[in-house]
**Q** 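Dumping the structure here so I can ask a few things about it.
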2 protein chains.
Amino acid sequence: MARISVTDRRELLFAAAVRVLARDGLAALSTRAIVAEAGMSLASFHYAYGSREELLGDIVASVVGGEREAGLAGVLGDASSPEDAVRRALAAYLDLVRTDPGREQGMFELTQHALRTPTLARLATEQYQRYHEVAAELLDHLADRFDRRWDSPTADLARLVISLTDGLTLAWLADRDDAAAERLAALAADAVLTHLEDS
Amino acid sequence: MARISVTDRRELLFAAAVRVLARDGLAALSTRAIVAEAGMSLASFHYAYGSREELLGDIVASVVGGEREAGLAGVLGDASSPEDAVRRALAAYLDLVRTDPGREQGMFELTQHALRTPTLARLATEQYQRYHEVAAELLDHLADRFDRRWDSPTADLARLVISLTDGLTLAWLADRDDAAAERLAALAADAVLTHLEDS
DNA sequence: ACCGGACTGGGACGGTCGACCCAGTCCGGC
DNA sequence: GCCGGACTGGGTCGACCGTCCCAGTCCGGT
């Protein structure tokens, strides 16, 4: 019998849940499936987590916390121009979706579920707030670094960026058309870059 | 006891299911919830439908069939320019989402579910194909009517349009920010109209 | 008028779900 | 060394799920 602290167990269950969510979807994300993935007994679940919903909340919150966009920062480091940066960022995002489709799909399922669940609805709203914040910061940073400016509030452009990435993801998840997705990523980059002016 | 033919019963169950899906979400779309909404007994369900999944398939297929975009055609009739038409169409779509948010959210949930279900995955793909077709036809029609042309294949631009509407919907569903959604709709229209040239 | 097939409703079956209880086992601090 | 609290696993509960069965009811065609 492996004795694990509540803290560690929560992390193990959290990680197991994320794996199950990505692999099998939200509908299959039962407490039993999670503990099986984590190699624990069912009782351990409710010892570490008060309820299944609490864990789902943790997953949504982890997005809000910001572990997700870590990868994008690196892409922008070695960009030679803001045009290059935006194009690279969108291409990198597309790669991320293609590398782990289940993960993105799982996040969509989870967000939709959260929006239907009164207890979790606030978290879903915060999740999108966070998305928009991150995108806005990115745009601001870009303009700053290359001494350019955006012709619209970055808050609005950020919303455009997130809409484009969400839409890109949904379309690719539905038809898995790589070539079309790449062309769309290019169009999306253009759509954003239209609003970039000289300073 | 009301005696109803199988055909009529399927339609009644279908309509009831769509209502439940919009109001309570996919997770609550059980056979019992459907027959309760339709005012039938549980056995009637499996008399009309072989399985719950068959009904879900019907709902997705109805989108493919094209009942959804009927409203958009009217909007374009009295447009004075393609710019006007695109802006109106996106505004009308946003209104549609705001009028019946549950409906759009239900469709997202259903599409995600279909993508996870081998039997239904093909339908979800066809659903997006249909979206893209409708958008492409719309763009073609617009260019034709006003004697203009698009600087990129309408198939690609259609994908951009659908991505923008999907993204717009998801963002509004998450934060219900009307003003931001309207600004985004305007940005989205610009993004598409950038590719419109004189002929 | 009646009969066979279309249709109905109630009830039941096996399964999965989230949650929980409890008797036991381990280990750190005294 | 021993004891109390942290931790474990197995079993169980009630609810809900999709599906099915079956005895009954109605109606159109003959």
Side-chain angles (χ1 to χ4, degrees), chain A residues 1-21 23-60 106 109-110 112-114 116-120, chain B residues 1-21 23-60 106 109-110 112-114 116-120:
Chain A
M1 161 183 11
R3 293 182 82 80
I4 308 171
S5 75
V6 173
T7 322
D8 291 347
R9 208 172 272 277
R10 280 178 76 105
E11 284 177 19
L12 290 173
L13 284 168
F14 178 94
V18 169
R19 286 197 300 275
V20 173
L21 176 60
R23 192 202 320 129
D24 305 322
L26 181 61
L29 192 64
S30 64
T31 53
R32 283 168 176 81
I34 297 169
V35 296
E37 175 76 20
M40 298 181 192
S41 78
L42 187 53
S44 302
F45 183 93
H46 282 94
Y47 188 75
Y49 275 102
S51 69
R52 173 177 178 268
E53 194 177 297
E54 187 183 334
L55 193 161
L56 296 189
D58 259 23
I59 299 181
V60 180
E109 297 177 68
L110 192 49
Q112 300 300 311
H113 170 77
R116 294 272 192 195
T117 311
T119 327
L120 299 175
Chain B
M1 161 181 13
R3 295 182 82 79
I4 308 171
S5 75
V6 173
T7 321
D8 291 346
R9 209 173 270 278
R10 278 178 77 106
E11 283 177 21
L12 289 172
L13 285 168
F14 178 94
V18 169
R19 286 197 301 275
V20 173
L21 175 61
R23 191 200 322 128
D24 305 322
L26 181 61
L29 192 64
S30 64
T31 53
R32 283 169 177 81
I34 297 169
V35 296
E37 175 76 20
M40 299 181 192
S41 77
L42 188 52
S44 303
F45 184 92
H46 283 94
Y47 188 74
Y49 274 103
S51 70
R52 173 177 179 269
E53 194 177 299
E54 187 183 334
L55 195 162
L56 295 190
D58 260 22
I59 299 182
V60 179
E109 297 176 68
L110 192 50
Q112 299 301 310
H113 170 76
R116 295 272 193 193
T117 311
T119 327
L120 299 175

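Keep in mind that the numbers below use all heavy atoms, side chains included, and drop hydrogens, waters and symmetry copies. Chain letters run A, B, ... following the sequence lines, proteins first, then strands; residues in each count from 1.
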**Q** With heavy-atom distances below 4.5 Å as the criterion, would you say the side chains of A:Asp58 and A:Arg10 are in contact?
**A**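 The answer is yes, as the side chains (C-beta and beyond) meet within the 4.5 Å cut-off.
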**Q** Working note: A:Leu120 + A:Val60, criterion side-chain contact (heavy atoms from CB on, under 4.5 Å); need CA distance, chi angles, decisive distance, verdict.
**A** CA-CA 9 Å; A:Leu120 299 175; A:Val60 180; 5.8 Å; no
**Q** A:Arg52 and A:Leu26: which non-hydrogen atoms are nearest, and at how many Å?
**A**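 Minimum heavy-atom contact is NH2-O, 3.7 Å.
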**Q** Answer yes or no: is there a side-chain heavy-atom contact under 4.5 Å between B:Ile34 and B:Leu55?
**A**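 Counting from C-beta outward, B:Ile34 and B:Leu55 do come under 4.5 Å.
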**Q** Taking only the side-chain heavy atoms of B:Val6 (C-beta and beyond), determine which of C:dC7, D:dC7, C:dA19 contains the nearest atom.
**A**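 Of all the options, the side chain of B:Val6 is nearest to C:dC7.
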**Q** Whole angstroms only, please: what is the CG-C1' distance between A:Leu56 and C:dA19?
**A**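 These atoms are roughly 15 Å apart.
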**Q** So, OP1 or OP2 of C:dG10: does either fall under 4.0 Å of a side-chain N or O from B:Ser41?
**A**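 No.
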**Q** Hey, which of these two, B:Leu42 or A:Ala28, hits DNA chain C nearer its 5' end, going by closest nucleotide?
**A**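 The answer here is B:Leu42.
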**Q** Check the distance between C:dG18's P and A:Phe45's CZ and give it to me in whole angstrom.
**A**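 The answer, rounded to whole Å, is 8 Å.
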**Q** Which of the following nucleotides, C:dA19, D:dC7, D:dG9, is nearest to the side chain of A:Ser51?
**A**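 Nearest to the side-chain atoms of A:Ser51, counting from C-beta on, is C:dA19.
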**Q** Please report the distance, rounded to the nearest Å, between CD1 in A:Ile34 and P in C:dT16.
**A**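 These atoms are roughly 17 Å apart.
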**Q** What does B:Ile4 touch in the nucleic acid at a heavy-atom separation under 4.0 angstrom: a base, only the sugar-phosphate, or nothing?
**A**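 Since only primed, P, OP1 and OP2 atoms lie under 4.0 Å of B:Ile4, the category is sugar-phosphate.
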**Q** Measure from CG on A:Asp8 to P on D:dA6 and round the result to the nearest Å.
**A**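 It is 16 Å, rounded to the nearest whole Å.
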**Q** Please give, in whole Å, the distance from D:dC7 P to A:Leu12 CG?
**A**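 It works out to 13 Å between those atoms.
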**Q** Please tell me which of the listed nucleotides, C:dA19, D:dC7, C:dA12, lies nearest to the side chain of A:Tyr47?
**A**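 When the side chain of A:Tyr47 is considered, D:dC7 is the closest of C:dA19, D:dC7, C:dA12.
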**Q** Strictly below 4.0 Å: does B:Ser44 bring a side-chain N or O up to OP1 or OP2 of C:dG9?
**A**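 Yes.
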**Q** So for B:Arg3 and C:dA6, does any side-chain atom that can act as donor or acceptor lie under 3.5 Å from a complementary atom in the base?
**A**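 Yes, a donor-acceptor pair under 3.5 Å.
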**Q** Return no unless some side-chain N or O of A:Ser30 is found under 4.0 Å from OP1 or OP2 of C:dC17.
**A**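 Yes, such a contact exists.
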**Q** At less than 4.0 Å, is any side-chain N or O atom of B:His46 found next to OP1 or OP2 of D:dT19? Yes or no.
**A**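 Answer is yes, contact under 4.0 Å.
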**Q** Can you measure B:Leu13 atom CG to C:dG9 atom P for me and round it to whole angstrom units?
**A**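 These atoms are roughly 12 Å apart.
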**Q** Rounding to an integer number of Å, can you tell me how far B:Arg32 CZ sits from D:dC16 P?
**A**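 About 10 Å, once rounded to whole Å.
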**Q** Any non-hydrogen side-chain atom of A:Thr117 less than 4.5 Å from a side-chain atom of A:Leu56?
**A**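 The answer is no, as the side chains (C-beta and beyond) never meet within the 4.5 Å cut-off.
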**Q** By nearest heavy atom, map A:Glu53 and B:Gly39 onto DNA chain C; which one lands nearer the 5' end?
**A**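 Checking each residue's closest nucleotide, the 5'-ward one belongs to B:Gly39.
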**Q** Expressed as a whole number of angstroms, how long is the span from A:Leu55:CG to C:dG18:P?
**A**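 Answer to the nearest Å: 11 Å.
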**Q** For the side chain of B:Thr31, starting at C-beta, report the closest nucleotide among D:dG18, D:dG11, C:dC7.
**A**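 So the nucleotide nearest the side chain must be D:dG18.
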